[in-house]
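FYI, side chains are in, hydrogens and waters are out, and symmetry mates aren't considered; it's all heavy atoms of this structure.
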There are 2 protein chains.
Amino acid sequence: MPPLLKNVIADVEERLKSGEYKMTPRRSLILRVLIENQGRHLSAEEVYQVVKEQEPELGLATVYRTLELFSDCGIVFGMDFGDGRKRYDMGLGAALGHHHHHLICTRCGRIIEAGEDLLEDLELRVQRDYGFSVVDHQLKMFGLCEGCQPKGGPAKSGS
Amino acid sequence: MPPLLKNVIADVEERLKSGEYKMTPRRSLILRVLIENQGRHLSAEEVYQVVKEQEPELGLATVYRTLELFSDCGIVFGMDFGDGRKRYDMGLGAALGHHHHHLICTRCGRIIEAGEDLLEDLELRVQRDYGFSVVDHQLKMFGLCEGCQPKGGPAKSGS
DNA sequence: TTGGATGCAAAGCCTTTGCATACCT
DNA sequence: AGGTATGCAAAGGCTTTGCATCCAA
């Protein structure tokens, strides 16, 4: 495994220990799966399927418990794309696990991560106009991804 | 009931009829509850509780079915604040039922509607940079509402 | 030895569905 | 009559929990 991965795992271990938790082999495995699937927003069940390939003994409940644990520690973030199940992803990159921007294609279901930070501006306005102090935000945009859009450029609809 | 309300109900009736559905007394009642509670993002269960006061015979399943029906007709919009249940609100005002901006207080749970439209700008960028054509979006900001913020101005933490 | 970690299965929540009945055109 | 609307209760899907066991410090 690449050294970066080791670092991340070590870092997570630190965070867990500071909260009286242990980094067990199973948790480590789940973490690795999450890292290797960054940006794919796996559900608990999906994590379970992947993890079970290497650790068939591992139970679904452990996945749920681990995901919640990681979530509490700020290691992963849960999100909801309206498909009836929670999905998770690493909180790496953004300093505070801040800024989750997703473009959700309503046709093929693909979810694209967008890295915009224009919301800084909006946060300031909200802070000022509503007296609301923003800690985190989540933006979802629904529409059609490039591949699902009508092809052929800006053709006239008729001819 | 105010004339505006009548108009809305009549309009909804039109929409239902155009889809082969009927505006029944129960649906009308549910609609009225939704209208009278705009901005409160009621869950199905909550709608049920309110509706039952006037129509104790009405069943929860009808509420669910009606909410889905309204949702399909674009009359209401479902959203998710991460509390494990769908919440609904009227899609009035914004032309396309577009622009749902919510400020969610993580301390008291209050949900404030924000009417900003700064995202137009962001949508354009997304369109350009990702080739993603945005149809709708949803923005949630988590933080502390005015009442839940530490009082007394920028006081020193110690003394 | 003690406390957390885990598997398994049962239980919980919210939501959807099946079926028989009631209502309206 | 014919078809939709509805209540009730059962069924479903995802998640959490209880309990006995296992593991590590």
Side-chain angles (χ1 to χ4, degrees), chain A residues 9 12-33 41-73 75-88, chain B residues 9 12-33 41-73 75-88:
Chain A
I9 293 182
V12 168
E13 189 166 357
E14 277 311 299
R15 289 210 230 177
L16 289 179
K17 274 183 184 164
S18 70
E20 307 286 285
Y21 303 112
K22 295 170 190 166
M23 175 55 99
T24 67
R26 301 196 160 180
R27 286 178 181 172
S28 177
L29 174 56
I30 291 173
L31 177 60
R32 215 163 65 223
V33 168
H41 316 94
L42 301 181
S43 66
E45 181 71 35
E46 286 166 348
V47 170
Y48 176 60
Q49 292 304 334
V50 177
V51 159
K52 240 187 11 170
E53 289 169 15
Q54 295 179 55
E55 199 61 47
E57 299 292 88
L58 201 151
L60 180 55
T62 296
V63 173
Y64 274 103
R65 283 191 277 237
T66 301
L67 287 174
E68 203 199 325
L69 174 67
F70 284 178
S71 192
D72 288 348
C73 295
I75 295 161
V76 303
F77 290 89
M79 48 203 100
D80 187 306
F81 295 122
D83 62 349
R85 70 207 68 184
K86 261 188 221 152
R87 293 182 169 282
Y88 297 85
Chain B
I9 293 182
V12 169
E13 189 166 358
E14 277 311 301
R15 288 210 231 177
L16 289 180
K17 274 183 186 164
S18 69
E20 308 285 286
Y21 302 113
K22 295 170 189 167
M23 176 54 100
T24 67
R26 298 193 165 185
R27 287 178 179 172
S28 177
L29 175 56
I30 291 172
L31 176 61
R32 214 162 67 224
V33 168
H41 315 94
L42 301 181
S43 67
E45 181 70 36
E46 287 165 349
V47 171
Y48 176 59
Q49 292 305 333
V50 177
V51 158
K52 240 187 12 169
E53 288 169 16
Q54 296 178 54
E55 199 63 46
E57 299 292 270
L58 200 150
L60 180 55
T62 296
V63 174
Y64 274 103
R65 283 191 277 236
T66 301
L67 287 174
E68 203 199 325
L69 175 66
F70 284 178
S71 194
D72 288 347
C73 295
I75 295 162
V76 304
F77 291 89
M79 50 202 100
D80 187 306
F81 295 123
D83 61 350
R85 70 206 69 185
K86 261 188 220 150
R87 294 182 168 280
Y88 296 85

Inset, instruction - Summarise protein proximity over nucleotides 16-25 of chain D in one line of letters, 5' to 3': B for base, S for sugar-phosphate only, - for none, counting protein heavy atoms closer than 4.0 Å. - result: BBB-------
Inset, instruction - Round to the nearest Å and state the distance from A:Glu45 atom CD to D:dG12 atom P. - result: 17 Å
Legend entry - Given D:dT15, D:dT6, C:dA5, the nucleotide with the shortest approach to the side chain of A:Arg27: C:dA5
Legend entry - Any residue meeting ring-ring contact (aromatic ring centres under 6.0 Å, His included) with A:Phe81, in chain and number order, not counting sequence neighbours: A:His41, A:His102
Inset, instruction - Please list, chain by chain and in numerical order, all residues satisfying salt bridge (charged side-chain N to carboxylate O under 4.0 Å, His left out) with A:Glu45, sequence neighbours excluded. - result: none
Inset, instruction - Give a yes/no answer on whether the side chain of B:Thr24 brings an N or O atom under 4.0 Å of OP1 or OP2 in D:dT4. - result: no
Inset, instruction - First locate atom CG of B:Leu58, then atom CD of B:Glu53, and finally report the distance between them rounded to the nearest 0.5 Å. - result: 12.5 Å
Legend entry - Spacing of A:Tyr48 atom OH relative to C:dT6 atom P, expressed in whole Å: 14 Å
Inset, instruction - Identify, with sequence neighbours excluded, every residue that meets side chain to side chain donor-acceptor pair (under 3.5 Å) alongside A:Gln54. - result: A:Arg32
Inset, instruction - Quickly work out the B:Glu55 CD to C:dA22 C1' distance and round it to whole Å. - result: 14 Å
Legend entry - side chain to side chain donor-acceptor pair (under 3.5 Å): pairs with one or both residues in residues 75-86 of chain A, sequence neighbours excluded: A:Asp83-A:Arg87
Legend entry - Separation of atom CD in A:Glu46 from atom C1' in D:dG13, rounded to whole Å: 14 Å
Can you list, pair by pair, the side-chain donor-acceptor contacts under 3.5 Å of residues 66-73 of chain B, counting residues two or more places apart and other chains?
from: B:Thr66; atom 1: OG1; to: B:Thr62; atom 2: O; distance (Å): 2.7

Legend entry - Rounded distance (Å) that lies between atom P of C:dA5 and atom CG of A:Asp72: 12 Å
Inset, instruction - Round to the nearest Å and state the distance from B:Met23 atom CE to C:dC23 atom P. - result: 20 Å
Inset, instruction - Could you tell me the separation between the CG atom of A:Leu67 and the C1' atom of C:dA5, rounded to a whole number of Å? - result: 15 Å
Inset, instruction - Give the rounded distance in Å between these two atoms: CG of B:Leu69 and C1' of D:dT6. - result: 13 Å
